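This one's a predicted model, so the numbers in the text were calculated from it and none came from an experiment. Values below: every heavy atom of this structure, side chains too, minus hydrogens, waters and symmetry copies.
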Amino acid sequence: MDADNIKHIRKLSQHYAYTSIQMHEAIGRKAGLPGTDHKYLGFLLQKGQMTAGELSVLTGLTTGAVTGLIDRLEKKKLVKRVFAENDRRKVFIEPNTKKIMALLEPLYREFRNGTDQLFATFSDRERKVLEKYFSKAIDLMDETINRMNK
């Protein structure tokens with residue numbers, strides 16, 4: 001692939017990333033949450049109950065920032081702090097999955113339907129190319145994150 005094609009694809013990728021940030025900011029505002037807070041709920045939905053330290057590792061946020069995040073989410077009753085039965089010093093963050101889904105699912109419904117329809121327009125071969133791109137791009141981002149966190 002020549003340099004102009006690479007530059008064009010890189011610009012599209014950047015545009016996609018910037019537009020994604022704008023969309024998530026808009027969804028966050030509509031949900032009554034600071035832009036990234038609703039995205040962090042995704043970690044809790046995906047992984048379930050976890051400690052603040054585990055959430056800090058997953059999000060890349062400092063422990064102080066995670067405490068603020070948990071406070072904001074708890075105030076909206078989207079999560080609650082649960083003490084470990086065997087060690088009251090250990091606190092788990094438990095997502096209120098039902099409330100989170102009731103808040104966010106309607107805001108994502110049209111976008112999710114649109115992306116489902118878009119993916120359906122691709123052939124099996126094209127979908128495999130998309131899968132390969134996203135998988136390898138995630139690996140590259142993970143490598144960058146790990147390098148930056150050293």
Side-chain angles (χ1 to χ4, degrees), residues 1-81 92-150:
M1 184 179 299
D2 67 25
D4 286 341
N5 285 330
I6 291 172
K7 186 176 179 181
H8 175 71
I9 290 171
R10 180 172 286 126
K11 282 188 176 210
L12 281 175
S13 180
Q14 289 170 341
H15 190 172
Y16 175 86
Y18 299 151
T19 305
S20 177
I21 291 168
Q22 291 170 323
M23 182 190 75
H24 290 297
E25 286 288 335
I27 288 171
R29 276 192 308 278
K30 195 74 163 173
L33 297 167
T36 54
D37 283 12
H38 80 288
K39 294 305 294 173
Y40 298 132
L41 284 169
F43 287 111
L44 287 158
L45 287 173
Q46 188 177 51
K47 303 279 186 182
Q49 178 178 286
M50 66 182 75
T51 66
E54 291 168 328
L55 186 58
S56 175
V57 169
L58 278 174
T59 61
L61 296 173
T62 65
T63 53
V66 166
T67 298
L69 169 68
I70 295 165
D71 289 345
R72 290 188 302 276
L73 297 177
E74 193 172 42
K75 197 178 276 188
K76 293 196 175 281
K77 301 193 183 326
L78 297 170
V79 301
K80 68 178 177 181
R81 289 174 168 97
F92 291 101
I93 310 311
E94 185 175 286
N96 182 337
T97 302
K98 198 177 259 188
K99 188 163 183 156
I100 294 168
M101 293 306 291
L103 175 66
L104 296 179
E105 195 279 331
L107 300 175
Y108 278 98
R109 186 178 297 130
E110 285 184 39
F111 177 72
R112 180 163 286 165
N113 290 340
T115 56
D116 288 350
Q117 290 172 11
L118 176 60
F119 289 141
T121 67
F122 293 105
S123 69
D124 287 343
R125 184 172 175 268
E126 290 169 322
R127 281 192 293 273
K128 291 214 181 296
V129 170
L130 289 171
E131 287 176 35
K132 180 179 178 180
Y133 168 77
F134 283 117
S135 294
K136 292 193 178 288
I138 289 167
D139 290 344
L140 285 170
M141 286 187 273
D142 283 341
E143 288 171 17
T144 301
I145 292 165
N146 291 332
R147 193 172 51 253
M148 296 296 158
N149 287 333
K150 286 184 180 176

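A donor-acceptor distance shorter than 3.5 angstrom exists from the side chain of E54 to the backbone of T51, with no hydrogens or angles considered. For T144 (side chain) and L140 (main-chain N/O), a donor-acceptor pair under 3.5 Å exists by modelled atom type.
Within the 4.5 Å cutoff, the side chain of L33 has no heavy atoms near those of the I27 side chain. When side chains are defined from C-beta on, T36 does not count as touching T59, because their heavy atoms never get closer than 4.5 Å.
Atoms CG and CG, on L44 and N96 in that order, are 11.5 Å from each other to the nearest 0.5 Å. In this structure, OG1 in T115 is found 11.5 Å from OH in Y108, a value given to the nearest 0.5 Å. Between atom NZ of residue K98 and atom CD1 of residue I100 there is a gap of 13.0 Å, rounded to the nearest 0.5 Å. Taking CD from E25 and NE2 from H38, the interatomic distance works out to 8.0 Å, rounded to the nearest 0.5 Å. Atom CG of L12 is separated from atom OH of Y16 by 12.0 Å, given to the nearest 0.5 angstrom. Residue I93 holds its CD1 atom at 13.0 Å from CG of L78, rounded to the nearest 0.5 Å.
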Practice task
Mind running side chain to side chain contact (heavy atoms under 4.5 Å, CB included) on M23 and F111 for me, showing each step along the way?
Solution key: CA-CA 10 Å; M23 182 190 75; F111 177 72; 3.7 Å; yes
Exercise for the section: May I have the step-by-step check of side chain to side chain contact (heavy atoms under 4.5 Å, CB included) for V79 and E94, ending in yes or no? Expected result: CA-CA 5 Å; V79 301; E94 185 175 286; over 6 Å; no
Practice task
Assess whether side chain to side chain contact (heavy atoms under 4.5 Å, CB included) is satisfied between L41 and D37, documenting all intermediate values.
Solution key: CA-CA 7 Å; L41 284 169; D37 283 12; over 6 Å; no
Handout entry: CA sep, side-chain torsions, deciding dist, call: S13, Y18, side chain to side chain contact (heavy atoms under 4.5 Å, CB included)
Key = CA-CA 9 Å; S13 180; Y18 299 151; over 6 Å; no
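The 12-atom threshold is not exceeded at NE2 of H8, counting heavy atoms of other residues, nucleotides or ligands nearer than 6.0 Å. More than 12 heavy atoms of other residues, nucleotides or ligands shown are found within 6.0 angstrom of CZ on R81. No more than 12 heavy atoms of other residues, nucleotides or ligands shown are found within 6.0 angstrom of CD on E110.
Listed here is the closest heavy atom pair of P95 and G48: CD-C, 4.1 Å. Of all non-hydrogen atoms in R72 and P34, the two that sit nearest each other are NE-CG, 4.0 Å. Among all heavy-atom pairs drawn from T62 and S56, the shortest one is C-OG, 3.8 Å.
A search for side-chain hydrogen bond (donor to acceptor under 3.5 Å, both in side chains) contacts involving Q49 returns nothing, not counting sequence neighbours. Considering only residues two or more places apart in sequence or on other chains, S123 meets the side-chain hydrogen bond (donor to acceptor under 3.5 Å, both in side chains) condition with E126. Considering only residues two or more places apart in sequence or on other chains, N5 meets the side-chain hydrogen bond (donor to acceptor under 3.5 Å, both in side chains) condition with D2. Here R29 pairs with nothing under the salt bridge (charged side-chain N to carboxylate O under 4.0 Å, His left out) rule; sequence neighbours left out. Taking E105 as the reference, R109 meet the side-chain hydrogen bond (donor to acceptor under 3.5 Å, both in side chains) condition, with sequence neighbours excluded.
Pairs passing the salt bridge (charged side-chain N to carboxylate O under 4.0 Å, His left out) check and including a residue from residues 127-150, sequence neighbours excluded, read D124-R127.
The existence of a salt bridge linking K80 and E74 is excluded, since no basic side-chain nitrogen approaches an acidic carboxylate oxygen closer than 4.0 Å.
Using a 30° and 60° split on the angle between ring planes, F43 and Y40 fall in the parallel class, below 30°.
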